[in-house]
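The block underneath contains the structure these notes are about, expressed in C-alpha cells.
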Amino acid sequence: MFVFRLDANSGVPPYLQLVQQVRQAVLLGFLQPDDRLPLIREVVESLAINPNTVAKAYRQLEQEALVTGRPGQGTFVTHTPSAIVSPGTYTSLRRGLESWLHRAYAAGLDEHAVNALFSTVHHDAKVEGVA
Amino acid sequence: MSTEHALRTQGLSKLYRRTWALRDCTLALPTRRVVALVGPNGAGKTTLLRLIVGLIAPTDGTVQVFGQSPTTNTPQALSRIGFLAQDHPIYPRFTVADLLHFGRSCNLRFDQDLAERRLSHLDIPLHRKAGTLSGGQRAQVALALALAKRPDLLILDEPLSSLDPVARREFLQTLMVAVADDGITVLLSSHIVTELERVCDHLVVLNHGRVTLSGDIDMLLATHRLLVGPRATANLDHTPSVIEATHADRHTTLLVRDEGAPAAPGWQPHPVSLEDLVLAYLRRPDHRITAPARDVSEAPR
Amino acid sequence: MTWLTWRQHRAEALAAGLFVAALGAILLTLGLPMHSSYHDGIAVCFNGAFIDPAMCSTNMARFQQDFGYTTAVLTMLNVVPFAIGAFLGAPLLARELETGTWQLAWTQAVPRMRWLAVKLTALATLTVALTAAAAALTTWYRQPLDVLNSRFAPAGFDVEGLAPPAYALFAFALATAAGTLMRRSLPALAAALAAFVVVRVTVETALRPRFQPPVTLTRNRFEVTNDWVLDSGFADPNGHHLSRAEFEAVSDAADAANTNLTTYLHDHGVQGWISYQPAERFWAFQRIEAGIFLALAAILLAMVVWRVKRRAL
C-alpha cells in the first residue's frame, strides 16, 4: 500500500504535495499500473488531513490520467507507460546530475548556491519552453 | 436558501461594557467545509463562537445556523450544534461512562455506540474519572461527546492550544475522520496558522472584532500573490489591491489581491503561502480594515 | 436532567442528609432523658391537678441544673439553616463557572433556562425538606422548655417552626447568587455567610420586635413567663414613662423622705410598665419572619435567573 507523507513547513499546498508524491512514485516505479491508492478515509486517518484535500488531489490525478477511480473499489494507477522512463534512462540521468553536483561543490558552491542555480536555470528553461 | 449555508451572520455585534468584542460581522459559511477562524488573542474569536452556539446573545445583528437562530436556545437549534469550548471542559468528578450518560440524558439524539467505539479505539477506559485523564485524553473525550450528538455544525474554540504535538495530531485525526465519515461542517478557531493548512479548506480572519478576510483557501491563494520588483517610491498604502508592501533598499515586495492579472513589467510574481497571507492581513493597521480589498483595477502594472 | 442533577450534587445532598440525620440522633439522645425528667418531675406542676410547691421548686432547680446546657445546644442549631442552604447553593453555578463546564452543560439539547429551573427546584426543595426536618426535631426537643421560658427567645424562635426553612432558602439563594457573581464556590460561601449574618441580625433586632405593635401594660405586678418582654420601667400616675434620670429623682426623694422605695412609689401612684409581645403571637411572627426571608430569597433567585438568561455570564 502506498503511504503519503505531508510536510507542513514546505509551503507547498497539501493537495499538491499528495499529487507530486503520486507523480514521483509513478515516475520512479514505486507505483505500478493497477496498484490501488489508499482510500480517502485511510489517508485522512493516517495524515490527519482534510478529506476534501485528498479528494481534490485524487481529482487532479484523474484529470492528469495518472489514476482512475473505479466505483466501489477505489482509485487505481492507470496504465500510462509514456509517462514512465525506463530504469536505464533514469539511472543515467541520475548519474549525470551526480557528476554535475560534484563539479559544482568542487568549484566552491554551497548547498544554497546549488539550489539557487538549479532553480534559476530550471525557471529560465521553462520560460523558454524547454521543460 | 439559508440551508445552503451552515452559518450566516448579519451585522453581528457584541458589546461588553464599553468595548466592542465583535463589530458588524457578516459571514456566510458553506456546508461541509472545515473552516479556520484565525485571529490574534482578543480578536473576538471566542465571542463569535459563543454567539454562534447561543451561549451569549448578540448586542446587534443576527446569527443563523442552518436557518435557525441559536440565540433562541430551543432544543432543536441546540441539537444541530456541537461545541467544544477552550481547554475542553468536562466534569472532572464524572467517570467517562458518566459523561456519556450525561450526553445521553441531555440530548435528543446521542450516538453512544459511536462514542464508545471512538474511545475504545483510543484506549480510554470508561471507568476512569475524567479528572485523572491526560490533557489529550480529556480533549478526546470532550470531542467524542460533541460528535456523539451527531451535530451538523461542530464548533471548536482553540482546540489545539493546550495539547502537546502528539495529542494534537491524534485530535486532528479523530476530527478529520469524523468529517470524512459524517460530512459535518467544522468551524475551529486558532491563533496558530501552520497546522491549519492540512485540515482546513476555508478561512476567516478576524482582527479587532471585525472580519478582514473570508473565503475558500484555494481561492484566496489563487487571488493573492507576491510581486517583487524595483523599490516603489509611491505611497501604496491607499491602493486597495495592495494588502502589504515591504520595502528593502533596492526592491519592494507587495502582497496583492489582483485575481491573477498580468503583472506590470519588471515585477516578478510569486505564490504566497497561507501563513504569509494570514499574517499580512493580521498586520494591517486598524484604519484599513474597514475597506476590505476588492478593487483590482489599481494594481501596480 | 434529573440524572445530571443527582450525579452532580449527590455528594452534597448525601452529606447534608447525613448532617441532619446525625443532628436528629444527637437531639434524640439528649432529648429523651430531658423529656422523661420533665414528665416525671415538672409537668405536674403546670397541669393544676396537684401542686406541692416545695417539690416543684426542687424539681425545677434540678431540671435547670441537669439541662441548663440546652440553651447552648439550641443556640448552636442557628447554624443549621445556613450550613444546609449555602452548602447546596454555592456550587450550583460557581462550580460550573469555575471549571468552564457551563459551556458544556448549556450546549447540549437542554435549554439553559430548563437546566437552571430543574437544578434550582431540586436543590431548593432538598434544602427546605432537610431544614424542615431539623426544625421539627428541634421543636420536639425544645418542648419541655416551652412552659419554662418564652418560645420567642433566640434559642426558640430562630430554630423552630417556619423560620429555619425560610432562613435556609434565603441562604441557598444568597450562596447561589454569590456563586454566580464570584464564579468560585469558597469565596461565594464566605460572602454569603457575611451577608446572611448581617440580614439575620438586622431583622432580628430591628424589625422583629415591631412586626406587630407591642402590648403595653401598667400595673404593680406582672405574671409574664412565656411572653416576649421588649422593655419595662416605671410610669407616673399620668401614665408618663419615667426616664432613668426621672426615676433617680423619685428614688432620691424616697431616700430624703426616709421612706421605703416600694411604699413611696405606691403612695405616689408610680407603677411599673412593660411592653411585650404576647406568647400567642408566636405563629403570626413566624409567618412574618418566614415571609420576609422567602421574599428575599425570591428576589435573589430572580436575579440569578435573569443573569443566566440575559448575558450568560
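Everything quoted here is computed from the prediction, not taken from an experiment. Here is the naming used below: chain letters follow the sequence lines, and residue numbers restart at 1 for every chain.
Between the CZ atom of B/Phe102 and the CD atom of C/Gln108 there is a distance of 4.0 Å, given to the nearest 0.5 Å. Put simply, NZ on C/Lys309 and CG on B/Asn73 are 8.5 Å apart, with the number rounded to the nearest 0.5 Å. Once rounded to the nearest 0.5 Å, the distance linking CG of B/Leu99 with OG1 of C/Thr101 reads 10.5 Å. Atom CG of C/Leu4 and atom SG of B/Cys106 lie 5.0 Å apart (nearest 0.5 Å).
Contacts with chain C were tallied for B/Asp98, B/Val53, B/Thr74; B/Asp98 has the most, counting heavy-atom pairs under 4.5 Å. Note: B/Pro75 leads B/Pro75, B/Gly103, B/Ser79 in heavy-atom pairs under 4.5 Å with chain C. Put simply, of C/Val110, C/Thr2, C/Thr99, the one with the most heavy-atom pairs under 4.5 Å next to chain B is C/Val110.
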Mind listing the side-chain donor-acceptor pairs of residues 84-94 of chain B below 3.5 Å, one per line with the distance, residues two or more places apart or on another chain?
from: B/His88; atom 1: NE2; to: B/Pro159; atom 2: O; distance (Å): 2.9
from: B/Tyr91; atom 1: OH; to: C/Glu96; atom 2: OE1; distance (Å): 3.4

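In the displayed structure, C/Arg184 atom CZ is contacted under 6.0 Å by at most 12 heavy atoms of other residues, nucleotides or ligands. In the displayed structure, C/Arg7 atom CZ is contacted under 6.0 Å by more than 12 heavy atoms of other residues, nucleotides or ligands. When the shell of 6.0 Å around CZ of B/Arg109 is examined, it contains more than 12 heavy atoms from other residues, nucleotides or ligands.
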Exercise. Can you list the steps and then say if C/Gln103 with B/Arg50 is a side-chain contact (heavy atoms from CB on, under 4.5 Å)?
Worked result: CA-CA 9 Å; C/Gln103 301 168 97; B/Arg50 284 182 179 170; 2.9 Å; yes

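Only the backbone of B/Ile81 has a heavy atom closer than 4.5 Å to any heavy atom of chain C. Within the 4.5 angstrom heavy-atom criterion, only backbone atoms of B/Thr95 (N, CA, C, O) approach chain C.
Taking the side chain as every heavy atom from C-beta outward, B/Leu55 and C/Trp102 approach each other to under 4.5 Å.
Evaluation of the side chain to side chain contact (heavy atoms under 4.5 Å, CB included) rule for B/Ser134 yields B/Gln137 as partners, not counting sequence neighbours.
Residue pairs meeting the side-chain hydrogen bond (donor to acceptor under 3.5 Å, both in side chains) criterion with at least one member in residues 9-24 of chain C, sequence neighbours excluded, are C/His9-C/Glu12, C/His9-C/Lys119, C/Glu12-C/Arg95.
Of all residues in residues 140-154 of chain B, those placing a non-hydrogen atom less than 4.5 angstrom from a non-hydrogen atom of chain C are B/Leu145, B/Lys149.
Nearest heavy atom pair, residue B/Leu78 against residue C/Ala109, reads CB-CA, 3.8 Å.
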